[in-house]
Amino acid sequence: MLDKIFHPGEVEARLYAQWEDSGAFRAGSKTGMPSFAIVIPPPNVTGSLHIGHALNNTLQDALARFERMRGKNVLWQPGTDHAGIATQLVVERELAKRQMSRVKMGREKFLEEVWRWKEESGGTIVRQLRRLGASCDWSRERFTMDEGLSRAVLKVFVALHKEGLIYKDKRLVNWDPRLQTAVSDLEVENIEVKGKLWHIKYPISGEAGRFIIVATTRPETMLGDVAVAVHPSDERYTSLVGSQALLPLANRPIPIIADEYSDPEKGTGAVKITPAHDFNDFDVGKRHGLAPLNILTKEGALNDLVPDAYRGLDRFEARKRVVADLDALGLIEKTEDIVHAVPHDEKTKTVVLEPYLTEQWYLNVTPLAEKALQAVEEGRTRFVPEHWTNVYYNWMRNIQPWCISRQLWWGHQIPVWYGPDGGIFVEETESEARAAAKKHYGREVALNRDPDVLDTWFSSALWPFSTMGWPDKTPELKRYYPTSVLVTGFDIIFFWVARMMMMGIHFMGDVPFHDVFIHTRVLDEKGQKMSKTKGNVVDPLDIIDEYGADALRFALAIAAGQGRDIRLGINRVETCRNFGTKLWNASRFCEMNECVRKREFDPATVELTVNKWIVAETARTVSEVTTALEAYRFNEAAGAAYHFVWDVFCDWYVEFIKPVLNGNDEATKAETRDTAAWTLDRILQLLHPFMPFITEELWTRMAEHAVPRRSMLMLSPWPDLSTLPQHEEARSEMNWLIDLISGVRSVRAEMNVPPSARLTLLLKGASVETSLRLATHRDVALSLARLSSARVTADIPQGSAQFVIGEAAAALPLGDVIDFAKERARLEKELKKSEDEIARFDAKLGNPGFVAKAPEEVIEEQKEKRAEAEAVAVRLREALKRLSA
RNA sequence: GGGCGCGUAGCUCAGCGGGAGAGCACUACGUUGACAUCGUAGGGGUCGCAUGUUCGAUCCAUGCCGCGCCCACCA
């Protein structure tokens, strides 16, 4: 016997182990069946599961389980990402706690430390994914820095270099002075901060007392100025073009040049040109043949190219000093308070990034982007929802070279070796590089390997094929590439999706996935982004502990619409947990009534109206859920199943069959039991992609008293009920009945003339509006009696109720469950409380029964209504009779 | 500045050419034999505003207002 509620904590671990041990998660290899593959967006190996992961993996798991049940060969490829910067930061922080540092340890020792850290904490997120129920093929788990994937990375780098697409260049990059590494444009987060705009007077050489005024938010960089630019057509400055300004503090003459970049509308119309510290200025400098003057160190302090007084000062310190000194010289024309966007590092959002002149490795992605663009234009890869296509297009069409080198230690070290004269040897291994160098120099030479590592996203870009064994020609690649769908959030469309497209097409000759489903973000219940600093983080593991994984998964899935962000309040999870309880208890009802599975049961053969109806409704629901899942409309799929279980199966079917199951007709009872059991099985299957644990548990438990199951629910075939009869007649009859019962609009209990009470049900004409549920016949009586306008009659036979529709009356059998004496007593009590209500009701209804002398037209009207109602009553009686016969 | 998304019941949202819905919250009643993690009933909305298309608009078009996000600029 099932307990009254489901205890997720007691079954989840057991079921998961059972699934995993059985090999049910393993990539399928059934011949002749289509394939379905998803690669997981690899989470940071040292991370832990946040609510966004929970959503992402719930959706993937729903698809994987769905397709597995549909008989496809499913591969859900799991793994983790080495997450260069994030992981290095974490480990450095740990080292700091032990009074150690990366630099002191040296590269080799440090890397050992990171690997150790990875071994220790790397299992966390993977364990947490298991708690969520993720049915990944763990036997194929990969890590972006494991041997195979590293080999793929090297191969790709070397190949792209040989094709001339990877090259070294010296230009401005976004520099993180704390980590002392370059980061890509995408890793920059522009944050609005309060700042100042200083208007600085630059004296004109040889013209005492004449100045050109420039406005800047970064006065310290003026020490690296190489020019002042004005717009060619800006008449205010025409006379100055060609003159020299004397750069204050540095006392260095710089030219005043004309360049279209200068915007007469902005600032003073004259702009200082600092090519080494501003992206636009870099271009201006290039146009005018002005060499950049780098005045910063890697740490973001001023270097030796500035006057003594400023050397070694941190950039912010230097700013204060420069402003103070300029002010003392009377060279500050004015200072404005402004709010402007300043580039910060996206991880901690605390470090101001610098445009910084360095030599880095770049990947020329333009040719790759063209093909990636074309693939989407041609529909070979499709974004869902479609509007993300434009986001992808816009970025791809304006793509910039990808800076792929990072000055970190944790990551794939770039396979480049330098000879004594700076000769470059790009090979997959050191020995190959050595051989190449030997060939080049004609002798053995000492080589130095480039110390930099690759951007983390470089290896992620290869994920769909590197995890399947590329560059080897593996059966997995053959079977599963291109993958079916990528499920991810919009925040990594550029970082990851676009780059996988480019690399996939380039190296595999085909797109990495057919569909890209972009899901929304999960916010807190107030619609705020979850963040540690705000303290509004909802930990999915806490939710799983308290409500079970199914409740969390269902809450996420049913909220996963196509447009707006998901606001996850805990009450949503509660609702879904309650839904699980409802399902559990519906199963309990079936169990108590011995509704057990019969293998030979054929739903097409049922004869009772109520059974025909539920069979047809089940088929419709299966079709709805299937269609919705195929289109990634998770909310609709989960919603359709929810609605069917609660509003159709529990509220109506179970209530309708109670009198049948309590009746004496063994044949109809048997059919009904079989149908109920069959329907419940279909429900479990429909819900399994969303609520794997509770459904699997019920699947097993419900078979305890029936024909044992051949296999686990997760391996059962997805129902295809498309060939079942539609049973239009039964459906329309049941719908009519449900509408009618729902339409009992106003019912009043009234002790009319004691002791002769009557139970009267007033249906509002033949039309219907809200809902009174026909639970059991007894429930009908109770509900009716409870409501505001029912009359209990002692003069009708016990066990039947008289329905009055309009003025027409129809007796309806109620079985033998009503104790009229008791009900009457209760009603009397209740009525005393609600006399006011009755009065109001009478007034509202203008109950003609109480009108002594009704006008002719009222009587006529009543007659019509009566005739109409009589017909309804007759039909109702017939319908209820047919339910159980 | 460019682009995208969203404004529907107190809250969170679904619906998107012909009856305005769900969950939560609220009110009243009810522990009955699957389920109080429940049931029954009830209150509550000029579907952001305006114009247009249409026999008919919450739904389509245009404009406006408000909110959010992305990209760019960032003197």
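Just so we're on the same page: letters track the sequence lines, and every chain starts at 1.
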Review point. How far does the C1' atom of B/U32 sit from the matching atom of B/C38, given to the nearest Å?
Key: 11 Å
A/M1 CE to B/G33 P, in whole Å, measures 12 Å
Note: for A/E192 and A/N585 on RNA chain B, the residue whose nearest nucleotide lies more 5' is A/N585
Margin query: Say we look at B/U37 and B/G23: how far apart would their C1' atoms be, to the nearest angstrom?
Written below: 14 Å
- Query: What integer number of Å spans the C1' atoms of B/U54 and B/G18?
  - Reply: 12 Å
Checking N1-N3 plus N6-O4 or O6-N4 for Watson-Crick, or N1-O2 and O6-N3 for wobble, each under 3.5 Å, the partner of B/G30 is B/C38
Practice item. Indicate, with a heavy-atom threshold strictly under 4.0 Å, whether A/T268 touches base, sugar-phosphate, or nothing. Key: nothing
Among B/U12, B/C35, B/A75, the one nearest any side-chain atom of A/A215 is B/A75
Answer for the Watson-Crick or wobble partner of B/C24, both distances under 3.5 Å, is B/G10
note: A/F490, atom CZ; B/G3, atom C1'; distance rounded to Å ~ 14 Å
Centres of the A/F690 and A/F579 rings: under 6.0 Å?
no
Only one of A/W395, A/F383, A/F490 passes ring-ring contact (aromatic ring centres under 6.0 Å, His included) with A/W388, and that residue is A/F490
Classify the nucleic acid contact of A/S587 as base, sugar-phosphate or nothing, counting any heavy atom under 4.0 Å across all strands shown. nothing
Once you apply a heavy-atom cut-off of 4.0 Å, does A/D263 come out as touching a base, just sugar-phosphate, or nothing?
base
Inset, instruction - Name the nucleic acid region contacted by A/V271, choosing base, sugar-phosphate or nothing; use a 4.0 angstrom heavy-atom cut-off, strictly under. - result: base
Nearest-angstrom distance, P atom, B/C13 to B/C6: 13 Å
Open item on the list: We want to know whether A/S184 and A/E187 form a side-chain donor-acceptor pair, criterion being a heavy-atom distance below 3.5 angstrom.
Closed with: yes
Side-chain atoms of A/R572 come closest, of B/A75, B/C38, B/C13, to B/C13
Judged by nearest nucleotide, the residue sitting upstream toward the 5' end of RNA chain B, A/W388 or A/A586, is A/W388
Note to self: Once you apply a heavy-atom cut-off of 4.0 Å, does A/Y261 come out as touching a base, just sugar-phosphate, or nothing?
What the structure shows: base
Does a nitrogen or oxygen in the side chain of A/K4 sit under 4.0 Å from OP1 or OP2 of B/C38?
no
Applying the 3.5 Å cut-off to both distances, the Watson-Crick or G-U partner of B/G68 turns out to be B/C4
*When rounded to the nearest Å, what value does the distance between P atoms of B/A22 and B/A36 take?*
24 Å
A/T581 has its side chain closest, among B/U37, B/G23, B/A34, to B/U37
Any strand, both distances under 3.5 Å, Watson-Crick or G-U wobble: B/G56 pairs with none
A/F6 atom CZ is separated from B/C38 atom C1', nearest whole Å, by 19 Å
Margin query: Please determine whether a side-chain nitrogen or oxygen atom of A/W646 lies at a distance below 4.0 Å from atom OP1 or OP2 of B/G39.
Written below: yes
Distance check, P atoms only: B/U12 and B/C65, in whole angstrom units.
24 Å
Any side-chain N or O of A/N578 below 4.0 angstrom from OP1/OP2 of B/C38? yes
Note to self: Under 4.0 Å between a side-chain nitrogen and a carboxylate oxygen: does that hold for A/K669 and A/E594?
What the structure shows: no
Side-chain contact check for A/Y642: nearest option of B/G23, B/A34, B/C73 is B/G23
Here the distance between atom P of B/G5 and atom CG of A/D491, to the nearest Å, is 18 Å
Per atom distances to the A/R521 side chain, the nearest of B/C69, B/G39, B/A75 is B/C69
From CG of A/N390 across to C1' of B/C4 the rounded distance in Å is 8 Å
A/R236 atom CZ is separated from B/A75 atom P, nearest whole Å, by 17 Å
Pairing partner of B/G19, by Watson-Crick or G-U wobble and under 3.5 Å for both distances, is none
Do A/W175 and A/Y356 make the cut of ring centroids closer than 6.0 angstrom? yes
Margin query: On the nucleotide B/C13, are OP1 or OP2 found under 4.0 Å from the side-chain N or O atoms that A/R567 carries?
Written below: yes
Practice problem: Could you tell me whether A/L197 contacts a base, only the sugar-phosphate backbone, or nothing, with contacts defined as non-hydrogen atoms closer than 4.0 Å? | Solution: sugar-phosphate
| So what does A/N190 touch, heavy atoms closer than 4.0 Å: a base, only the sugar-phosphate, or nothing? | base
Indicate yes or no: does A/R701 engage A/E704 in a salt bridge with an N to O separation below 4.0 Å. yes
For B/C47, the nucleotide meeting Watson-Crick or G-U wobble distances (both under 3.5 Å) is none
Rounded to whole Å, CZ of A/R588 lies from C1' of B/U37 at a distance of 13 Å
Quick note, A/H387 side chain, CB onward, closest among B/G5, B/G3, B/A34 is B/G5
Between A/I657 and A/A676, the two heavy atoms sitting closest are CD1-CB, 4.2 Å
Any A/R577 side-chain N or O less than 4.0 Å from OP1/OP2 of B/U37: no
In terms of heavy-atom contacts, A/P255 and A/L290 come closest through CG-CD2, 4.2 Å
| Does the gap between the ring centers of A/Y642 and A/W646 come in under 6.0 Å? | yes
Taken to the nearest whole Å, CZ/A/F282 to P/B/C73 is 16 Å
Among the nucleotides B/G3, B/A34, B/C71, whichever has the atom closest to the side chain of A/F494 is B/C71
Classify the nucleic acid contact of A/C590 as base, sugar-phosphate or nothing, counting any heavy atom under 4.0 Å across all strands shown.
nothing
